[in-house]
Amino acid sequence: MDLTLLETSLRERGEPAYRSGQVWEWTARGAESYEAMTNLPRALREELTAAVPFSTLEVEVERESKDGTVKTLFRTADGHPVEAVLMRYRDGRRSLCLSSQSGCPLTCTFCATGAMAFGRNLTASEILDQALHFRRRTEVDVTSGSRGDAAGAGAEGTVLDARARKRTGRQRRQASAEPGSARREPSPAGGPTHAVFMGMGEPMLNLDEVLAAARRLPEIGITHRRTTISTVGWIPGLKRFVREVDEPIRLALSLHAADGALRSQLMPVNDRYPLTEVLALCHEHAERTNRRVFVEYVMLAGVNDAPEQARALAHLLGRDHFKVNLIPYNPIAGSAGGEAAGARQEDRPPKAAGGGHFDGSSRDRIGAFKAVLDRAHVPATVRLTRGRDIEAACGQLAAAPKSRKRAAVPTP
Ligand code: SAH
């Protein structure tokens, strides 16, 4: 819902100031339409239905993975594709992966979004509407899930979620109709519990809208501590985030290589903003917030997955301020790499990075990499891949089918 348009429309109608709050509260609690907002005059509900579209996004396609992951392709009112993912875990966590832009202007060589055309920044309302879409979808899949740590977050919410699961449909509806229930329960009636800005786009290029959206997520049931903003290390935005944001929102840095030359090949943005400066800001954030910065490290066979590269990473990061998430590479459409293959990859000579064709590291290779970090006392986890069968996994968000064709264009 375009909250600015909502405000203007209510003001023009001479409605009292509290109206927009009422509408938002219903929406945040998962109402399906204005019609459900029973404390609004009926005529106003009808007027709003006509004047302010209930969502700024239209669902174009939705796919559900066999592991319970749901990927939704939306369109903005002006036709830009936006993708978001809901991951559901057996421990009750439901983690949203949100997009901050349609497409991405950065060109990380292993990322599907980087290969598609950049559209534009999303507004705060368009970001929130991704979350609200999943907030309205309250059922919990209790048969799938895992011990995974896709959002890098803990298992908070288990008790509440178990309680929510036990409720009958009627109780659920009653609970979500209780005024203020969104505030009392962190994950009311099975809504999302965590959010990561790890979908399409670079959040630090659109920081104001991302923050405006993130600041409202608690009302949907996602606290700041369970919200993570991920960046390539775009310094202007990162600096503001570190120095100006007081909310305890988690920071994640997509690093992928400790070595500057290799990082530049994988992520051209590295030439623009020196890693030392980026890491200095991350240290500052960890010290200010007393929370570790997550480091995203996509495991690419023969490129960045050697034990000596793990040692260099440990040396670069130190023990105190970071936690490393090792991400199995997810093959993207148009890339030559198949599923993470076996040991044979390790026998090959290191391939030139930057060509856009990668293989995922084998499990053993990832395990050995992690062991080096463990020995160096740098906290590290191997992230579970979810939703790969529906191309909903990390880095696979590129609206089909136009972008696929672009992604398949040979790189120089
Ligand atoms: N631009 C921000 C937000 C996008 S996050 C950032 O880069 O941090 C997307 C995360 O998924 C990043 O850590 C990115 O490196 C990772 N990723 C991209 N493509 C991937 C792929 N094919 N397999 C696994 N992870 C990928």
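Each ligand, and each atom within it, is numbered from 1 in the order the structure gives.
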Does ligand 1 have any atom that is closer than 4.0 Å to a heavy atom of A252?
no
List ligand 1 atoms under 4.0 Å from S254, heavy atoms only on the residue side.
6 (C), 7 (O), 8 (O), 12 (C), 13 (O), 15 (O)
Using a strict threshold of under 4.0 Å (side-chain N to carboxylate O), is an ion pair present between R137 and E32?
no
Are E62 and K71 close enough for a salt bridge, meaning some N to O gap below 4.0 Å?
no
With E244, which residues qualify under side chain to side chain donor-acceptor pair (under 3.5 Å), at least two apart?
R240
Salt bridge flag under 4.0 Å for residues D78 and R120:
yes
Measure V298 to ligand 1 on non-hydrogen atoms and call it side chain, backbone, both or neither using the 4.0 Å cut-off.
side chain
Looking only at heavy atoms of G360, does any of them come nearer than 4.0 Å to an atom of ligand 1?
no
Just which atoms of ligand 1 are under 4.0 Å from any heavy atom in I332?
22 (N)
Over 12 non-hydrogen atoms of neighbours within 6.0 angstrom of CD in E58:
no
Would R88 and E64 pass as an ion pair if we require N to O under 4.0 Å?
yes
Test: ring-ring contact (aromatic ring centres under 6.0 Å, His included). Region: residues 241-272. Which pairs qualify, not counting sequence neighbours?
F110-H256, F241-H285
What part of A112, side chain, backbone, both or neither, has a heavy atom within less than 4.0 angstrom of ligand 1?
neither
When only distance counts, is F110 in polar contact with ligand 1, meaning an N/O pair under 3.5 Å?
yes
Heteroatom proximity flag, P203 to ligand 1, N/O under 3.5 Å
no
Under 4.0 Å to a heavy atom of H256 - the qualifying atoms of ligand 1, by number
13 (O), 14 (C), 15 (O)
With heavy atoms of E296 as the reference, note each atom of ligand 1 found under 4.0 Å away.
13 (O)
Give a yes/no on ligand 1: does G114 have at least one heavy atom closer than 4.0 angstrom to it?
no
Is ligand 1 under 4.0 Å from a heavy atom in the side chain of T231, in the backbone, in both, or in neither?
backbone
Is there any N or O on Y329 that sits under 3.5 Å from an N or O of ligand 1?
no
